[in-house]
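Each remark here refers to the structure printed beneath this line.
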Amino acid sequence: MTEKPFVDIRHAQKSFGSLEVLKDINLQVSRGQIVAIIGPSGSGKSTLLRAINDLDPLTGGEVWLEDTQVNKKLPHRQYEKHINQVRQDIGMVFQHFNLFPHLTVRENIKLAPKMLKGLSDAEADKLAEEQLDKVGMLERIDYYPSQLSGGQKQRVAIARALAMKPKVMLFDEATSALDPELVEEVNLVMKKLAEEHMTMIIVTHEMGFAESVCDRVLFMDQGVVVEEGPPDVIFRNPTNERTRNFLRKHLANANK
Amino acid sequence: MGLDFSVVPKYLDVIFLGALWTIAITVAAALLSFVGGILFAVIALYAPKPVRLPFRAFEWLFMGTPLLLQLFLIYFGLVQVGIDLPAFVAGVIGLGLHFAVYNSELIQTAILAVDRGQMEAARTLGLSRGQALRRVVVPQAVRDVIPPIGNNMIALLKDSALVSVIGVAELTLSAQLAIGRTYRPFEFYVVAALFYYVINLAMEAVLRRVERRIQASR
Ligand SMILES: Nc1ncnc2c1ncn2[C@@H]1O[C@H](COP(=O)(O)OP(=O)(O)OP(=O)(O)O)[C@@H](O)[C@H]1O
Ligand SMILES: [Mg+2]
């Protein structure tokens, strides 16, 4: 990589009590790059992703976004201010959407930009409409989340994250909770973001999708990155035995 | 002595005025119990220890002792420390705080039951913990316990009769005044009961509307 990394994870280490979940992980993502993280359940994919915006703080190592260290050591109060600022630049999409059920779609999207960026109500409305249009959900702007399908919820959740104009988007199994027929509409939105060169880190179990949109794939197992490379290499010609096993099992399951 | 409801109409305006006072005190105390309940719940869960511990004692005082005693304490007792409240205000404070503590218990449980993902999603967008509590977690918790809070408010209506003992001329005391003149307790207590029942029905109707309104936002 010639360019300096946009997201830079150095020697990430994480333990929950005596359980070491991430073991010296390094990951560099350049601007506009799309990285998929795959691996068996419990391998630490979510933990790594959630370390990037400090939802699960690392116990060792550093996370950088451009020139800012996300997890820098600061006294508690200062750290809170710092991290709230940094998180505005890191969009995150969850498996279970986590839309705010007491707010309409419009209000879900307006909440943070209005509170944190000082947008006027009219500006926030415009922003919400733009973002919803982008994910094809404009006509549901005044619905409550409970009135939407899973795929629609996830598209709104993506719009909510995008409304903060993040520098990077993190996806933690964004389509795993969806009925199969609803997966595609969310994948299409993610593909669109890819075409717009959004920097993305995507934890997924969908190998086909990962292969078609990602520049790079990381295979994780038991807290380490076992193998990484371009998708055609990882999916077609993995060199590592564990990667091969995982993909074989995964394929067998998918075909069941 | 048989029953004779013909004495009632003459005192209906007195009873009616009493009913208005009952409504006023119930609405004011219910509002206080609602806002206070939210505030108390947040204090009980998130305030620093030096605030939380004395607060527990306060909660215990309001949950563990009779409401009647609390009303006496606020109305007669506080005079000794220089706080001389009008009976109506003392009644609203007593009823309001008493039920605020019960509402607070409900809201605390509901706050803890809000899905962790809600706080996470809010924090991910850049909201502070306080902002996330205020705009995301607490509103959901309150919405989840609107039905039992409504039940508390109906209990509050019924307990509002207790403020008659500190001299607020609400419905029960008005009935007693009419009885004092006519010696017709059965008739006037039945009339008062009817008024309570009607107010109760009105409150339930309002609650059902509120519950329907929040249905979609669950
Ligand atoms: N808060 C926590 N406390 C204790 N252990 C945890 C916690 N969160 C995760 N773990 C453990 O860390 C390990 C990695 O979990 P993680 O969620 O990162 O896995 P994953 O690769 O995302 O798995 P999946 O594909 O099932 O989502 C697991 O063994 C898990 O049990
Ligand atoms: Mg996971």
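Since this is a predicted model, take the numbers as computed values, not measurements.
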For this session: Go through the steps for Leu111(A) and Leu125(B) under the test side-chain contact (heavy atoms from CB on, under 4.5 Å), then give the verdict.
Result: CA-CA 9 Å; Leu111(A) 180 73; Leu125(B) 290 165; 5.7 Å; no
Exercise. Does any non-hydrogen side-chain atom of Thr124(B) lie less than 4.5 Å from one of Ile90(A)?
Worked result: no
For this session: Answer yes or no: does atom CZ of Phe16(A) have more than 12 heavy-atom neighbours from other residues, nucleotides or ligands under 6.0 Å?
Result: yes
Seminar exercise, completed: Shortest non-hydrogen pair, Met115(A) vs Arg134(B), comes out as CE-NH2, 4.5 Å
Problem set entry | Verdict with supporting geometry, Glu120(B) and Met92(A), side-chain contact (heavy atoms from CB on, under 4.5 Å) | CA-CA 10 Å; Glu120(B) 283 188 352; Met92(A) 187 165 205; over 6 Å; no
For this session: Could you tell me which portion of Arg143(B) (side chain, backbone, both or neither) has an atom closer than 4.5 angstrom to a non-hydrogen atom of chain A?
Result: side chain
Exercise. Under 3.5 Å, is there a donor-acceptor pair linking the side chains of Arg123(B) and Asn84(A)?
Worked result: yes
For this session: Drop me the distance from Leu103(A)'s CG to Gln140(B)'s CD, to the nearest 0.5 angstrom.
Result: 7.5 Å
Seminar exercise, completed: Heaviest contributor of heavy-atom pairs below 4.5 Å to chain B, chosen from Thr104(A), Leu55(A), Asn53(A), is Leu55(A)
Problem set entry | Ile214(B) backbone acceptor or donor facing His102(A) side chain under 3.5 Å | no
Exercise. Should the heavy atoms of other residues, nucleotides or ligands under 6.0 Å from CH2 of Trp21(B) be counted, would the total exceed 12?
Worked result: no
For this session: Starting at OH of Tyr144(A), measure out to CD of Gln215(B) and round the result to the nearest 0.5 Å.
Result: 11.5 Å
For this session: Could you tell me which portion of Gln88(A) (side chain, backbone, both or neither) has an atom closer than 4.5 angstrom to a non-hydrogen atom of chain B?
Result: both
Seminar exercise, completed: Rounding to 0.5 Å, atoms CZ (Arg135(B)) and NZ (Lys114(A)) come to a distance of 7.5 Å
Problem set entry | CA sep, side-chain torsions, deciding dist, call: Gln131(B), Leu116(A), side-chain contact (heavy atoms from CB on, under 4.5 Å) | CA-CA 10 Å; Gln131(B) 288 172 324; Leu116(A) 306 175; 3.7 Å; yes
For this session: Specify which of Gly126(B), Gly117(B), Ala122(B), Ala121(B) makes the most heavy-atom pairs with chain A at under 4.5 Å.
Result: Gly126(B)
Exercise. Which answer fits Arg160(A), side chain, backbone, both or neither, if we ask what part of it has an atom under 4.5 Å from a heavy atom of chain B?
Worked result: both
Exercise. Is it true that atom CZ of Phe58(B) has more than 12 heavy atoms of other residues, nucleotides or ligands lying nearer than 6.0 Å?
Worked result: yes
Exercise. Are any side-chain N or O atoms of Glu80(A) and backbone N or O atoms of Arg129(B), one a donor and one an acceptor, separated by less than 3.5 Å?
Worked result: no
For this session: Give a yes or no on whether Gln80(B) atom CD has more than 12 heavy-atom contacts from other residues, nucleotides or ligands under 6.0 Å away.
Result: no
Exercise. Side chain, backbone, both or neither: which part of Phe100(A) has a heavy atom under 4.5 Å from chain B?
Worked result: both
